[in-house]
Amino acid sequence: MKTIIEPFKIKVVEPIRMTSRAERERIIAEAGYNLFQVSADDVLIDLLTDSGTSAMSAEQWAGIMRGDEAYACSKSFYRFQDAVRGIFGFRHVIPTHQGRAAERILFSVMCKQGDVVPNNTHFDTTRANCEYAGAEAVDLPIAEARQPAALHPFKGNMDTRALAALIDKVGAERIPLCMITVTNNSGGGQPVSLANIREIKAILEPHGIPLYIDACRFAENAWFIKQREEGQAERSIREICREMFAYADGCTMSAKKDALVNIGGFLCTNDDRLAERERDLLILTEGFPTYGGLAGRDLEAIATGLEEVLREDYLQYRIVSTSYLGQAITDAGVPIIQPPGGHAIYIDAAAMLPHIPPLEFPAQALAIELYNEAGIRSVEIGTLMFGRKDPESGEALPGPMELVRLAIPRRVYTQSHLDYVAEAIIEVYQRREAIRGLRLVYEAPFLRHFTARLEPLD
Ligand code: PM9
């Protein structure tokens, strides 16, 4: 059979409120041309993020009812711990309310002022927590990762030569840990190969530098390894995951992605002494070590989600539906980060709208046009998010790329929703010359993209 079907039936539905273009133009103007400020009820297809937006299964909802809400040592904690250990294999499993809480605890315990933490590409919250602990967050992606059109089966890989050079330059004593993000979200949702993880470990080991994996999209990464890496096709996803994590000393995880839940996370380590300090910090802000800011029912839903995400029919549907959208718009000429990533498609707005200079926010202009055209909410990853002011002259500086990310929630939208999204993007692409830039009328001193207000230049 050629058609790969969604491997689930729909039992509960959530209506989408239809709006007209005229209504959306009014709504977006009132929101200051900022999609973060638009009510979800005014969005037809919400591709803002794949984080915490999954549809849970009947089994997960059943787990919600089974959740044991005992304050200490609940049954649900042990089920959660077994599920996490069964995949990741680490000795200590510390629940947290989401990924960034795991990051904050990890970096507070491991880093100090003047330290350096390499990663293929730090996600925003990872970078922010690392810097908050006084360390410098260094991105070491391979060269292809910086070229949107370049093809590479494992474009999320770390540049291992650059890693070795960094250790030589700053000295191993200043590198308390190295991280690798699977898949590499900030680099286009691109996978990391087993060979790359193995090589990173071989470089770190003689220096005694521990390796931590940012595991948010670990199952999607394992699926790409099975499809693309030599000698992996016959292995199960679980076996591939066990090998990925066997090279690591610990991991951070936002369960809001590949654990198929709406909230949750965890931190793992094999180091007994570190785990003790991490649990001490956990008690201070998250909660007792067997619930860490979550309810027993959340731990049940995570345990079940971690089993479901390893199913090959699920992963095939997931990765194929993302590439289906990517392929449909690529065939019409729309420039995207190639090849399509696991959880999202990233449109290259700089290539699509060369007539809009970066300081007039081309990616934001495209995101706004997709909302006006079809009620699609995406997210700008460009100058609005990453633009800076020159510290000396105060001059505005552009971000490194101009991307619009269309992140696909898990098990939420069907093929016809994606056809609708593709049609809208192609329609906008065909009249791209008419799109105009924007200018800022209000910006907060940090993380301005969440609250900025803009207006169209025309
Ligand atoms: N990622 C995303 O939309 C959530 C929004 S954050 C503005 O892609 C990685 C690779 C992530 C990630 C979240 C986190 C943080 C860590 N690493 O959101 O704290 O993609 O659970 O996870 C978002 P939490």
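Atom CZ of R297 is surrounded by 12 or fewer heavy atoms from other residues, nucleotides or ligands within 6.0 Å. More than 12 heavy atoms of other residues, nucleotides or ligands sit less than 6.0 Å from atom CZ of R17. Other residues, nucleotides and ligands contribute more than 12 heavy atoms inside 6.0 Å of the CG atom of L151.
Expressed to the nearest 0.5 Å, how far CE of M253 lies from SG of C268 amounts to 9.5 Å. To the nearest 0.5 angstrom, L397 atom CG is 9.5 Å from K389 atom NZ. Atom OG of residue S74 and atom CZ of residue F80 lie 10.5 Å apart, to the nearest 0.5 angstrom. Atoms CG and CD1, from D42 and I28 in turn, are 9.5 Å apart once rounded to the nearest 0.5 Å. Note: I197 CD1 to N221 CG = 6.0 Å, rounded to the nearest 0.5 Å. Between the CD atom in E30 and the OG atom in S39 there is a gap of 11.5 Å [rounded to 0.5 Å].
Nearest approach of C178 to L163, heavy atoms of both residues: SG-CD1, 4.2 Å. The minimum heavy-atom distance linking G326 with I345 is given by the pair CA-CD1, 3.5 Å. Nearest heavy-atom pair across L260 and Q60 is O-NE2, 3.0 Å. When every heavy atom of A344 is checked against every heavy atom of R405, the shortest pair comes out as CB-CG, 3.7 Å. Here the closest heavy-atom approach between residue L294 and residue P95 is recorded as CD1-CB, 4.5 Å. Smallest separation of non-hydrogen atoms from F88 and L306: CE1-CD2, 4.4 Å.
Checking side-chain atoms of S254 against main-chain N and O of C216 turns up no donor-acceptor pair under 3.5 Å. Distance alone, capped at 3.5 Å, places no donor-acceptor pair between the D348 side chain and the I337 backbone. In this structure a side-chain-to-backbone donor-acceptor pair under 3.5 Å is missing from T252 to A102. Side chain of S108 to backbone of R104: a donor-acceptor contact under 3.5 angstrom is found. Here the side chain of R388 pairs no donor or acceptor atom with the backbone of A396 at under 3.5 angstrom. Judged purely by atom type and a 3.5 angstrom limit, Y429 has no side-chain atom pairing as donor or acceptor with the backbone of M352. R377 places a side-chain N or O within 3.5 Å of a backbone atom of V38 that can act as its donor or acceptor partner. N120 contributes a side-chain N or O that, together with a main-chain N or O of G156, makes up a donor-acceptor pair within less than 3.5 Å. In this structure a side-chain-to-backbone donor-acceptor pair under 3.5 Å is missing from Q232 to I240. Remark: side-chain polar atoms of H355 are paired, donor with acceptor, to backbone N or O of I435 under 3.5 angstrom.
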Exercise. What do the steps show when you test Q338 against T330 for side chain to side chain donor-acceptor pair (under 3.5 Å), and what is the final call?
Worked result: CA-CA 9 Å; Q338 294 286 2; T330 300; 3.2 Å; yes
For this session: I would like to know whether V192 and I213 meet side-chain contact (heavy atoms from CB on, under 4.5 Å); could you show each step before the answer?
Result: CA-CA 11 Å; V192 176; I213 297 184; over 6 Å; no
Problem set entry | Residue pair E278, L267: steps toward the side-chain contact (heavy atoms from CB on, under 4.5 Å) verdict | CA-CA 9 Å; E278 287 166 354; L267 170 61; 3.6 Å; yes
For this session: Starting from the C-alpha separation in whole Å, work towards a yes-or-no answer on side-chain contact (heavy atoms from CB on, under 4.5 Å) for I425 and V428.
Result: CA-CA 5 Å; I425 295 170; V428 167; 5.8 Å; no
Exercise. Given I336 and Y346, is the side-chain contact (heavy atoms from CB on, under 4.5 Å) satisfied, shown in steps?
Worked result: CA-CA 5 Å; I336 64 166; Y346 298 66; 5.9 Å; no
For this session: For the pair E380 and H449, evaluate side chain to side chain donor-acceptor pair (under 3.5 Å) and give the outcome as yes or no after the intermediate values.
Result: CA-CA 8 Å; E380 187 257 19; H449 52 289; over 6 Å; no
Exercise. Please walk me through it: do F361 and Y33 pass ring pair (Phe, Tyr, Trp, His ring centres under 6.0 Å)?
Worked result: CA-CA 11 Å; F361 309 109; Y33 295 89; over 10 Å; no
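Taking the charged nitrogens against the carboxylate oxygens, D258 and R410 do have a contact shorter than 4.0 Å, which makes a salt bridge. A salt bridge links R217 to D50: one of the charged nitrogens lies within less than 4.0 Å of a carboxylate oxygen. A salt bridge is defined here as a Lys NZ or Arg NE, NH1 or NH2 lying under 4.0 Å from an Asp or Glu carboxylate O, and E443 with R453 fails to meet this definition. Between E373 and R431, at least one side-chain nitrogen of the basic residue sits less than 4.0 Å from a carboxylate oxygen of the acidic one, meeting the salt-bridge criterion. The existence of a salt bridge linking R439 and E360 is excluded, since no basic side-chain nitrogen approaches an acidic carboxylate oxygen closer than 4.0 Å. E427 has no carboxylate O lying under 4.0 Å from a charged side-chain N of R432, or vice versa, which leaves the two without a salt bridge.
Not counting sequence neighbours, F90 has no partner by the ring pair (Phe, Tyr, Trp, His ring centres under 6.0 Å) test.
In this structure, a donor-acceptor pair under 3.5 Å is present between the side chains of R79 and T304. Judged purely by distance below 3.5 Å, without hydrogens or angles, the side chains of Y324 and D419 pair a donor atom with an acceptor atom. In the model, N184 has a side-chain atom that pairs as donor or acceptor with a side-chain atom of T121 under 3.5 Å. There is a side-chain donor-acceptor pair under 3.5 Å between E103 and T125. Counting only N and O atoms by type, the side chains of E402 and T383 include a donor and acceptor under 3.5 Å apart.
Residue I319 forms a side chain to side chain contact (heavy atoms under 4.5 Å, CB included) with just one option from H343, E220, Q227, and that option is E220. Among the candidates R436, R21, R24, the single residue satisfying the salt bridge (charged side-chain N to carboxylate O under 4.0 Å, His left out) test with E369 is R21.
Contact of the E131 side chain with the E136 side chain is not registered, since no non-hydrogen atoms from C-beta on lie closer than 4.5 Å. Put simply, the side chain of F107 reaches to within 4.5 Å of the side chain of M179, judged on heavy atoms. Using a 4.5 Å heavy-atom cutoff, the side chains of V379 and T49 are not in contact. Looking at N34 and I368, their side chains never come closer than 4.5 Å, going by heavy atoms from C-beta outward. Side-chain contact check for V404 versus I381: every heavy-atom pair is 4.5 Å or farther apart. With contacts defined as side-chain heavy-atom distances shorter than 4.5 Å, the pair Y212/M110 qualifies. R318 places none of its side-chain heavy atoms less than 4.5 Å from the side chain of V309. Counting heavy atoms from C-beta on, the side chains of I376 and Y371 never come closer than 4.5 Å.
Between F224 and F154, a ring centre-to-centre spacing not shorter than 6.0 Å is recorded. Centroid-to-centroid, the aromatic rings of F8 and Y314 stay 6.0 Å apart or farther.
Residues in residues 137-154 take part in these side chain to side chain donor-acceptor pair (under 3.5 Å) pairs, two or more places apart or across chains: R127-D139.
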